[in-house]
Amino acid sequence: MRAVVCNEFGPIEQLTLEDRPDPAAGRGEIVVEVHAAGVNFPDGLTVRGEYQVKPPCPFTPGSEVAGIVRQLGEGVSRLAIGDRVVALCGMGGFAEQVTAQADRAMRLPDNMDFETASGFMLVYGTSLHGLQECGRLQAGETLLVLGAAGGVGLAAVEVGRAMGARVIAAASSDEKLALARTHGAELTINYATADLKTELKRIAPAGVDVVYDPVGGALTEAAVRGLAWGGRLLVVGFAAGDIPKLPLNLLLLREGEAKGVFWGTWTQRDPAAHARNVKQLFDWFSAGAVKPHVSAAYPLEKTSDALAEVMGRRAQGKVVVVPTR
Ligand SMILES: NC(=O)c1ccc[n+]([C@@H]2O[C@H](COP(=O)([O-])OP(=O)(O)OC[C@H]3O[C@@H](n4cnc5c(N)ncnc54)[C@H](OP(=O)(O)O)[C@@H]3O)[C@@H](O)[C@H]2O)c1
């Protein structure tokens, strides 16, 4: 089979496309014929050796795929050969086939195509877990989403709206904000042309109840200054590159909270709650309450271009890789 290979940590452009032996399913595993693989920011960080998880080289990046089950390992009875699934494979997704733990794979709703599915689980899963379990977002509350047209950001806009919140989207261009509006944002802030703290005071004078922050850098403190009494900051990621330091008096003054969100680890620590959230997300998808936006699909040999689009701040919604193209 063809697979994208990272032979050593470094620039994304160093990735190569190689012929590799077809994988075999071990105990508790399945082999998925990959029809699409979601491109996520952590995939790029992993290739550059900048992610908290550093796999031994060589390895194939790609952490979530959608496709068809082609092999069942010993002890797998929950799935059948031929099932359409989405699988969290951890690594190896940018390839024609990948192994995954069977309990990290879910059957797809009939009306969800592979490209949509491959970019669905990680971003919507993170956003629902972040807003629901970590942020305790309530209907009628105000939610501020930073990086609101990116992968997890746009999902947070939709999930927040589906949970009944009033959503303020903040992003770096009017085009990105227009996209966030079509996905449910009621108010918008362009933080490339306006000061986030000042704009927040103007459009949400009573403060926001929850901040969903996958960006970090200088935006985090500005957003925390706009928190309402009892407001919650959700620390999701640092796409801007800088891990912010926060003056804690900002939390004391409003009895605010800062809460980390680490979806991947949480799904393994609480699989029952994760399964409930997946069902909720699939139900919302089937009802049209969330409408995933796939903005670009690349063939396998262009995987480094797909990663560069995401890491280069150009992506809107999801970018996916399609090995069958
Ligand atoms: N905690 C978790 O469980 C979890 C799960 C998934 C992802 N994450 C993290 O969440 C973050 C976003 O992931 P994603 O897949 O949604 O990425 P993405 O689609 O690339 O979105 C990231 C957004 O960050 C903003 N940004 C600001 N400065 C940037 C820069 N220098 N380079 C790139 N983007 C920049 C961009 O929006 P603007 O241009 O509008 O500013 C961009 O849309 C990453 O740090 C990722 O590791 C965390």
Side-chain angles (χ1 to χ4, degrees), residues 12 37-48 50-53 61-64 88 90 118-135 144-159 168-181 183 185 188-194 196 211-220 222-223 233-244 258-270 274 277 292-296 306-320:
I12 287 157
V39 178
N40 290 290
F41 205 88
D43 300 326
L45 294 177
T46 306
V47 170
R48 299 202 304 218
E50 294 169 5
Y51 196 54
Q52 51 256 44
V53 180
S63 47
E64 62 174 340
L88 299 166
S118 72
F120 185 77
M121 200 50 68
L122 197 141
V123 294
Y124 283 89
T126 299
S127 295
L128 178 56
H129 169 56
L131 295 174
Q132 184 170 264
E133 282 82 29
C134 302
L144 169 67
V145 179
L146 305 181
V152 292
L154 196 60
V157 168
E158 289 202 322
V159 168
I168 303 174
S172 67
S173 76
D174 291 343
E175 194 191 343
K176 288 184 174 186
L177 291 170
L179 179 68
R181 268 191 193 274
H183 286 259
T188 57
I189 300 174
N190 181 335
Y191 48 58
T193 56
L196 178 62
V211 171
Y212 186 91
D213 180 9
V215 181
L219 293 176
T220 303
L233 165 71
L234 297 173
V235 181
V236 180
F238 313 105
D242 291 332
I243 299 179
K259 176 95 170 124
V261 178
F262 200 0
W263 176 74
T265 300
W266 173 80
T267 61
Q268 287 166 324
R269 294 176 73 96
D270 196 345
H274 168 52
N277 279 9
H293 179 71
V294 177
S295 58
L307 282 163
E309 183 173 337
V310 171
M311 307 305 282
R313 207 173 177 173
R314 299 190 302 278
Q316 297 194 14
K318 288 304 298 181
V319 171
V320 303

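Sequence positions, counted from 1, serve as the residue numbers for this chain. Order of listing sets the numbers, starting from 1, for every ligand and every atom in it.
- Distance OG/Ser118 to NZ/Lys318: 8.0 Å, rounded to 0.5 Å.
- To the nearest 0.5 Å, the span separating CZ on Phe238 from CD on Glu50 amounts to 14.0 Å.
- Remark: Glu175 CD is loosely packed, at most 12 non-hydrogen atoms of other residues, nucleotides or ligands lying under 6.0 Å away.
- Considering every non-hydrogen atom in both Ser63 and Asn40, the closest pair reads OG-ND2, 3.9 Å.
- Atom CG of Asp242 and atom OG1 of Thr220 lie 9.5 Å apart (nearest 0.5 Å).
- Sorted by chain and number, the heavy-atom contacts of ligand 1 below 4.0 Å come from Phe41, Pro42, Leu122, Thr126, Gly147, Gly150, Gly151, Val152, Ala171, Ser172, Lys176, Tyr191, Pro214, Val215, Val236, Gly237, Phe238, Ala239, Ala240, Val261, Phe262, Trp263, Val310, Met311, Arg313.
- Residues Ala148 and Ala180 approach most closely at O-CB, 4.0 Å, considering heavy atoms.
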